[in-house]
2 protein chains.
Amino acid sequence: MQMLDSPFARKLTSFATLSHTDLNILSDLHQRRRKFAMGRDMVRQGHPNRTVYVLADGWAFSYVLLPSGARQIVDFRIPGDFLGLRSILFRRSDQNVEPITPIEASEVLASDLIDAFSKTPALAKAVLWAASRDESMVADHLVGLGRRNAAERIAHFLLELGARLRLVGLASNAGYACPLTQYHLADALGLSDVHVNRVLRQLREMGLVTFQNGRVTFDDFAALVTFADFEGDYLDHNGPARQ
Amino acid sequence: MQMLDSPFARKLTSFATLSHTDLNILSDLHQRRRKFAMGRDMVRQGHPNRTVYVLADGWAFSYVLLPSGARQIVDFRIPGDFLGLRSILFRRSDQNVEPITPIEASEVLASDLIDAFSKTPALAKAVLWAASRDESMVADHLVGLGRRNAAERIAHFLLELGARLRLVGLASNAGYACPLTQYHLADALGLSDVHVNRVLRQLREMGLVTFQNGRVTFDDFAALVTFADFEGDYLDHNGPARQ
DNA sequence: CGTCGGGTTGATAACTTTCAAATTTCGTGG
DNA sequence: CCACGAAATTTGAAAGTTATCAACCCGACG
């Protein structure tokens, strides 16, 4: 039952009470294991998308390309996350997904997933909950773009990412390994690469966080939380109600 | 069967093939019809939320309040939309919902909705599709905030709103009635009220759109679409796949 | 009337981008 | 193991966009 050790199962079970049966159905869903090379899109805007992936290892991000050539990253996906879940009901994807690192992912047929929804309510809820949490994260991201300045935005983002990674055991209060470049930050946070660089230096010189050499280090976690106005509680989002 | 005439049913049926049975289950879901006065929150951040509403008449918006006092509007809800759908699986809402106009809405118990999911797959898909579309809209909103300047942002927003309203028969290419104030635009688009006012004047003087007296008028629809770089096709999002 | 919620305008300040160029890091082939 | 080129990071200066502050206007309403 290697399933139980996967980041995916770990995440789901930490929020829902899943029976043995549920877990079996879950594990039956997983079909081929696929690898993707970094930098090459896994999902393309406007293309049909009939499969969902569960990220087992590696990071990816979903983004939109504007006609102007600008790129907006909508969110980053880390181990345990779904890829393309939102678009299973659309005939074509409305976003692109690109790996940041080499990726290992399990492929799930969209139709199988939908079928499972009526077979096991508990699993359905857990998966729906994951989808809702994703939307919630996008909304949070939106709030940051709308109402925070560059420094708060970056600080908040790094904290949020840390909180997500901690859920799957990939971060601590000290920091985490992070394969993102400053360009990724810029495109996610709606800033120019140059400005991201400057603000990052600022945060480092203030002794709050260091973003360097593929690693995020929280130099003063408490102060950073205050500075960014961060309430990490959305991650406790309480999971699907367990009646 | 007044259901069939509601904006809600109109929207769902325009995307999914629903049988008579489906429509009956749908209509059984609707319980009390409730009214809400404008300006008073219907759903409060951090409060328990065990019901979902379907907006029958009036406009509302969901927003987040930052500790700094700033307000970020996440999205506007118009007739036919769900209110609080995303949060049915969380124990408490992570956003506030406030009516802009007097509201009439049908109350649906979250648990009933979830039960219906296993009863009728077609309906479940349709509802899920609606939820996915909502998330898609939030993502689009996010892209606008991240990568468009004030004028494009406003132009794009007014077009998008128009497209949504057209789906429920409340707008045409000429324009639509719009109860929003400039403050609403500012808080939705991450701009200051003053700047919104200026840009609105600009757009009006360019002969593109007029936002005045509770009405949005497309003075030159084609030119506005070009200016805003708008592709109205996300609304065709093709609905739930109909196998 | 007087007030209050929108809306409007000008002047100034703050924040961010853009352009340009130098420096460092890192993977790959020799 | 080193050299080389590409990618990523860094810094400065100038230009642009948007926010903030401060008035003022206007129509609705008690």
Side-chain angles (χ1 to χ4, degrees), chain A residues 37-40 59 61 66 68-73 98-102 144-158 177-205 209-217 227, chain B residues 37-40 59 61 66 68-73 98-101 144-157 178-205 209-217:
Chain A
M38 48 189 290
R40 201 179 265 331
W59 292 38
F61 64 97
L66 295 189
S68 68
R71 176 175 80 169
Q72 175 65 47
I73 293 181
E98 181 183 317
I100 293 173
T101 67
L145 286 186
R147 289 300 180 206
R148 277 191 250 270
N149 65 26
E152 293 165 353
R153 214 129 107 194
I154 292 181
H156 198 275
F157 173 80
L158 294 177
C178 172
L180 304 182
T181 68
Q182 297 186 357
Y183 289 99
H184 288 127
L185 288 189
D187 283 344
L189 302 177
L191 299 167
S192 69
D193 48 353
V194 177
H195 199 53
V196 165
N197 180 280
R198 276 190 241 284
V199 173
L200 243 21
R201 173 159 54 88
Q202 240 176 263
L203 292 174
R204 193 187 326 129
E205 285 171 355
V209 234
T210 305
F211 178 97
Q212 242 166 15
N213 301 115
R215 185 155 188 88
V216 172
T217 310
F227 177 82
Chain B
M38 47 189 289
R40 200 179 268 329
W59 293 37
F61 63 97
L66 295 189
S68 68
R71 177 176 77 169
Q72 175 64 47
I73 293 181
E98 181 183 316
I100 294 173
T101 66
L145 286 186
R147 289 299 180 206
R148 277 191 251 269
N149 65 26
E152 293 165 352
R153 213 129 107 193
I154 293 182
H156 198 273
F157 173 80
C178 173
L180 303 182
T181 68
Q182 297 186 355
Y183 289 97
H184 287 127
L185 288 189
D187 283 343
L189 302 176
L191 300 167
S192 70
D193 49 353
V194 176
H195 200 54
V196 165
N197 180 281
R198 276 191 242 281
V199 173
L200 242 23
R201 172 159 54 89
Q202 239 177 263
L203 292 174
R204 193 188 324 130
E205 286 171 355
V209 233
T210 306
F211 179 96
Q212 241 166 14
N213 301 115
R215 193 160 178 82
V216 172
T217 310

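Below, chains carry the letters A, B, ... as their sequence lines are ordered, and counting in each starts from 1.
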Pick the closest DNA chain D nucleotide for B:R198 and for A:L180 by heavy atoms, then say which residue is nearer the 5' end.
A:L180
Once hydrogens and angles are ignored, does a donor-acceptor distance under 3.5 Å link the base of D:dT9 to the side chain of A:R204?
no
Just the rounded figure in Å: distance from P of C:dT23 to CG of A:N213.
20 Å
Sort out for me which residue in A:V194, A:L200, A:D193, A:D187 forms a side-chain contact (heavy atoms from CB on, under 4.5 Å) with A:Q182.
A:L200
How many whole angstroms separate atom CG of A:D187 from atom P of C:dT17?
11 Å
Taking for each residue the nucleotide of DNA chain C bearing the nearest heavy atom, is the 5' side occupied by A:D193 or by B:Q182?
B:Q182
Are any non-hydrogen side-chain atoms of A:H156 and A:F227 less than 4.5 angstrom apart?
no
In whole angstroms, how far is the P atom of D:dA8 from the CZ atom of A:F211?
12 Å
Side-chain heavy atoms of A:F211 within contact of A:R204, under 4.5 Å:
no
What's A:S192 touching, base or sugar-phosphate or nothing? Going by heavy atoms closer than 4.0 Å.
base
Using atom CG of B:L191 as one end and atom P of C:dT8 as the other, report the distance to the nearest whole Å.
16 Å
Remember a base hit wins even if backbone is also touched, and classify B:G190 as base, sugar-phosphate or nothing at under 4.0 Å, heavy atoms.
sugar-phosphate
Length of the CG-P vector between A:N149 and C:dT17, whole Å:
11 Å
When you check the phosphate oxygens OP1 and OP2 of D:dT9, does a side-chain N or O of A:N197 lie under 4.0 Å from one of them?
no
What is the nucleic acid contact for B:G39, judged by heavy atoms within less than 4.0 Å: base, sugar-phosphate only, or nothing?
nothing
Spacing between B:I154 atom CD1 and D:dT17 atom P, to the nearest angstrom:
15 Å
Shortest non-hydrogen separation from A:A155 to A:L203 and the atoms involved:
N-CD1, 4.3 Å
Do any side-chain nitrogens or oxygens of B:R201 fall under 4.0 Å of OP1 or OP2 in C:dT8?
no
Pairwise side-chain contact, B:R71 with B:F61, heavy-atom cut-off 4.5 Å (strictly under):
yes
Within this structure, what is the CD1-to-P distance between B:I100 and C:dG5, rounded to whole angstrom?
17 Å
Would you mind reading off the distance between B:H195 atom NE2 and C:dG7 atom C1', rounded to a whole angstrom?
16 Å
Given D:dT10, is OP1 or OP2 found less than 4.0 Å from the side-chain N or O atoms of A:Q212?
yes
